[in-house]
Engineer: 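Below is one structure. I have some questions about it.
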Amino acid sequence: MIAIDEALARLIALAPPIAREEAPLARAAGRWLADDVMALRTQPAHDLSAMDGYALRFADLDASLTVIGESAAGRPFPGRVEPGQAVRIFTGAAVPAGADTVLVQEEAAIDGTVLRLAGEGPGRAGRHIRRAGLDFHAGDTIVRTGERIGAARIGLAALAGLATLPVRRPVRVALFGTGDEIGAGPDALPDSNTPMLAAALRDLPVEIVARAVLPDDLHAIAAALGDTPADLIVTTGGASVGDHDLVRPAIEAAGGRIDFWKIAMRPGKPMLAGRIGDAMIVGLPGNPVAAFVTTHRFVRPLLAAMSGGSLALSPRRLPLGAPLPANDRRADHLRGVIRDDRVFPAPTQDSSMLATLAASDCLILRAPFAPTAPAGESVEILDLA
Ligand SMILES: Nc1nc2c(c(=O)[nH]1)N[C@H]1C(S)=C(S)[C@@H](COP(=O)(O)OP(=O)(O)OC[C@H]3O[C@@H](n4cnc5c(N)ncnc54)[C@H](O)[C@@H]3O)O[C@H]1N2
Ligand code: MOO
């Protein structure tokens, strides 16, 4: 059995390279940048008013001014503001030449074209003006390699004049359940693992190229693993030591190789990983909770790394609501419920129990050989969304 950190490092080392592409902004969200990106324009492109009011010279504030025209967003005033003059201006409009300050309209008294200060005034020259380049300049690096593309970065890229962003292409993922017991008949066990895994990967840049349940048949599994054009093949079940646990021999029968088998964790111990041709394969245990936990600890971070980014777990600490026994050599992931800022381990931790998992708020992380923990002791948890 290898440790969790070593397993993740070996998975990432096994991953095939994923090619780059330029993704239109509408398809870039949720992906990671494959390169630094520079702004193609300066924002704002000109000095703009931040308020509705009057553009004028600060030195003229106490005088009676003549309003000589208007500057609206997209329709700038073409002339120049000379001493004794002002221009009606609106939010987002270019500040006309000659003006250095905007007086908000709430502090202006206007009579025809005659303007007077009717309040405290802007206080200093330059007030209520957004300078050209306040946000960024053309040529500035606005987003960097490895950063994840969220809504704000999509907006920023659009504002910076970009129509596409450099990313890795989506990772082609094949999901295979295994087991003769799984199917659709009245006596069959419904497949919970492939729909659960597909849902767990929904926010990642993946293309599910195959999803099926394979029988406990060496040749059928080997054929599916060898024939599927994927970057990552994820199987569930058939990873343990029973006579019908055929994923390891099937990888070898398909000409692949196993890199590791068995991780010092619970649930999830029998997980394995290897390569078949250009694809990598991760064999998750069949027990549904084991498949869920290994997906979150390994498959999601692996896919992030293949996509040019990273997905770190964000554990936090809470006091236990009930005591826990000492742990053995496997890092444990106990299903828990949070009440009144305390975490209560579920009374039964069997890795087949999806109702318990679905009712849980978090996984309680127990290090190998963690000693007995009394109620009130602080433990590390991973929140479940
Ligand atoms: N002698 C030993 N037996 C077992 C060991 C061991 O070390 N020595 N490890 C146990 C652990 S830990 C786990 S986890 C399981 C995992 O075994 P497999 O990966 O071979 O999984 P299966 O035997 O195929 O299935 C386990 C369980 O899960 C159900 N299952 C499988 N696939 C699905 C699916 N797609 N949807 C719903 N349910 C599924 C399956 O029917 C079994 O009940 O091995 C222990 N045994
Ligand atoms: O991975 Mo198994 O679920 O530890 O029981």
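We count ligands from 1, going down the list as the structure has it; atoms in each ligand are counted the same way.
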Engineer: Report, as yes or no, whether the 6.0 Å neighbourhood of atom CE on Met38 holds more than 12 heavy atoms from other residues, nucleotides or ligands.
Structural biologist: no
Engineer: Could you list the atoms of ligand 1 found under 4.0 angstrom from a heavy atom of Asp245?
Structural biologist: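 With Asp245 as reference, the close atoms of ligand 1 come out as 20 (O), 23 (O).
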Engineer: Could you tell me, atom by atom, which parts of ligand 1 come under 4.0 Å of a heavy atom of Pro190?
Structural biologist: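 It comes down to these atoms of ligand 1: 36 (N), 37 (C).
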Engineer: Taking heavy atoms and a distance under 4.0 Å, where does Val241 meet ligand 1: side chain, backbone, both or neither?
Structural biologist: side chain
Engineer: How does Asn287 reach ligand 1, by side chain, by backbone, by both or by neither, if only non-hydrogen atoms under 4.0 Å count?
Structural biologist: both
Engineer: According to a 4.5 Å side-chain heavy-atom criterion applied to Ile, Leu, Val, Met, Phe, Trp and Tyr, with indirect links allowed, do Met196 and Leu232 form part of one hydrophobic cluster?
Structural biologist: yes
Engineer: What protein heavy atom is closest to atom 38 (N) of ligand 1, reported as residue, atom name and distance in Å?
Structural biologist: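 Checked against all protein heavy atoms, atom 38 (N) of ligand 1 sits closest to Leu189 CD2, 3.5 Å.
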Engineer: Is there a side-chain contact between Thr372 and Pro323, using heavy atoms and a 4.5 Å cut-off?
Structural biologist: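 Side-chain contact under 4.5 Å: no.
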Engineer: Do Gln349 and Ile364 touch side chain to side chain, with heavy atoms closer than 4.5 Å?
Structural biologist: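 Counting from C-beta outward, Gln349 and Ile364 never come under 4.5 Å.
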Engineer: May I ask you to establish whether Arg88 and Tyr54 are in a cation-pi arrangement, using a distance under 6.0 Å from NZ or CZ to the six-membered ring centre and at most 45° from the ring axis?
Structural biologist: yes
Engineer: Asp350 and Ser352: side-chain donor and acceptor closer than 3.5 Å?
Structural biologist: yes
Engineer: Of all heavy-atom pairs between Leu225 and Phe176, which one has the smallest distance, and what is that distance?
Structural biologist: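 Where Leu225 meets Phe176 most closely, the heavy atoms are CD2-CD1, 4.1 Å.
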Engineer: For the residue pair Leu14 and Ala273, what are the closest heavy atoms and their distance?
Structural biologist: CD1-CB, 4.0 Å
Engineer: Nearest heavy-atom pair of Gly286 and Asn193: which atoms, and what distance?
Structural biologist: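 In this case the closest contact between Gly286 and Asn193 is O-ND2, 2.9 Å.
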Engineer: Does atom CZ (Arg248) have a neighbourhood of more than 12 heavy atoms from anything else shown, all under 6.0 Å?
Structural biologist: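 Above 12, so yes.
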Engineer: Should one rank Gly237, Pro195, Pro270, Gly268 by closest heavy-atom distance to atom 16 (C) of ligand 1, which comes out on top?
Structural biologist: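 The residue whose heavy atom sits nearest atom 16 (C) of ligand 1 is Pro270.
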Engineer: Of all the non-hydrogen atoms in the protein, which one sits nearest to atom 35 (N) of ligand 1, and at what distance?
Structural biologist: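 Residue, atom and distance for the closest contact: Asp191 OD1, 2.8 Å.
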Engineer: For ligand 1, is any non-hydrogen atom under 4.0 Å from Ala291's backbone (N, CA, C, O), its side chain (CB onward), both, or neither?
Structural biologist: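 For Ala291, there is no contact with ligand 1 at all, from either part.
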Engineer: Quick one: which of Ser352, Gly177, Ser192, Ala290 has a heavy atom closest to atom 37 (C) of ligand 1?
Structural biologist: Ser192
Engineer: What residue pairs, at least two apart or across chains, pass ring-ring contact (aromatic ring centres under 6.0 Å, His included) with a residue in residues 109-155?
Structural biologist: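 Residue pairs with at least one partner in residues 109-155: there are none.
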Engineer: As a check for students: among Ser240, Gly179, Gly242, identify the option with a heavy atom nearest to atom 17 (O) of ligand 1.
Structural biologist: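 Among Ser240, Gly179, Gly242, the closest heavy atom to atom 17 (O) of ligand 1 belongs to Ser240.
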Engineer: Could you list each N/O atom of ligand 2 together with any protein N/O atom closer than 3.5 Å, one pair per line with the distance?
Structural biologist:
unit_1, atom_1, unit_2, atom_2, d
ligand 2, 1 (O), Gly268, N, 2.3
ligand 2, 1 (O), Lys269, N, 3.3
ligand 2, 3 (O), Ser351, OG, 2.5
ligand 2, 4 (O), Gly268, N, 3.4
ligand 2, 4 (O), Arg330, NH2, 2.6
ligand 2, 5 (O), Ser351, OG, 3.0

Engineer: Using side-chain heavy atoms (C-beta onward) and a distance below 4.5 Å, is Gln105 in contact with Ile110?
Structural biologist: no
Engineer: Can you pull out the closest protein heavy atom to atom 42 (C) of ligand 1? Residue, atom name and distance to 0.1 Å, please.
Structural biologist: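 In this structure, atom 42 (C) of ligand 1 has Glu181 OE2, 4.2 Å as its nearest protein heavy atom.
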Engineer: If a pair satisfies ring-ring contact (aromatic ring centres under 6.0 Å, His included) and one of its residues is in residues 294-353, list it, with sequence neighbours excluded.
Structural biologist: Phe292-His296
Engineer: Near Ile182, which atoms of ligand 1 are under 4.0 Å from a heavy atom of that residue?
Structural biologist: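 So the atoms of ligand 1 that pass are 31 (C), 32 (N), 33 (C), 34 (C), 35 (N), 39 (C).
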Engineer: Where is the nearest protein heavy atom to atom 24 (O) of ligand 1: which residue, which atom, and how far?
Structural biologist: Gly238 N, 3.0 Å
Engineer: Tell me the contacting part of Thr194 for ligand 1: side chain, backbone, both, or neither, using a 4.0 Å heavy-atom threshold, strictly below.
Structural biologist: neither
Engineer: Does anything in residues 268-293 pair up under side chain to side chain donor-acceptor pair (under 3.5 Å), and if so which pairs, sequence neighbours excluded?
Structural biologist: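 Non-adjacent pairs meeting side chain to side chain donor-acceptor pair (under 3.5 Å): Asn287-Ser351.
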Engineer: May I ask you to list the atoms of ligand 1 that are less than 4.0 angstrom from any heavy atom of Lys269?
Structural biologist: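 Heavy-atom distances to Lys269 below 4.0 Å select 6 (C), 7 (O).
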Engineer: Among all protein non-hydrogen atoms, which one is nearest to atom 39 (C) of ligand 1, and what is the separation to 0.1 Å?
Structural biologist: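 Protein heavy atom at minimum distance: Gly286 O, 3.7 Å.
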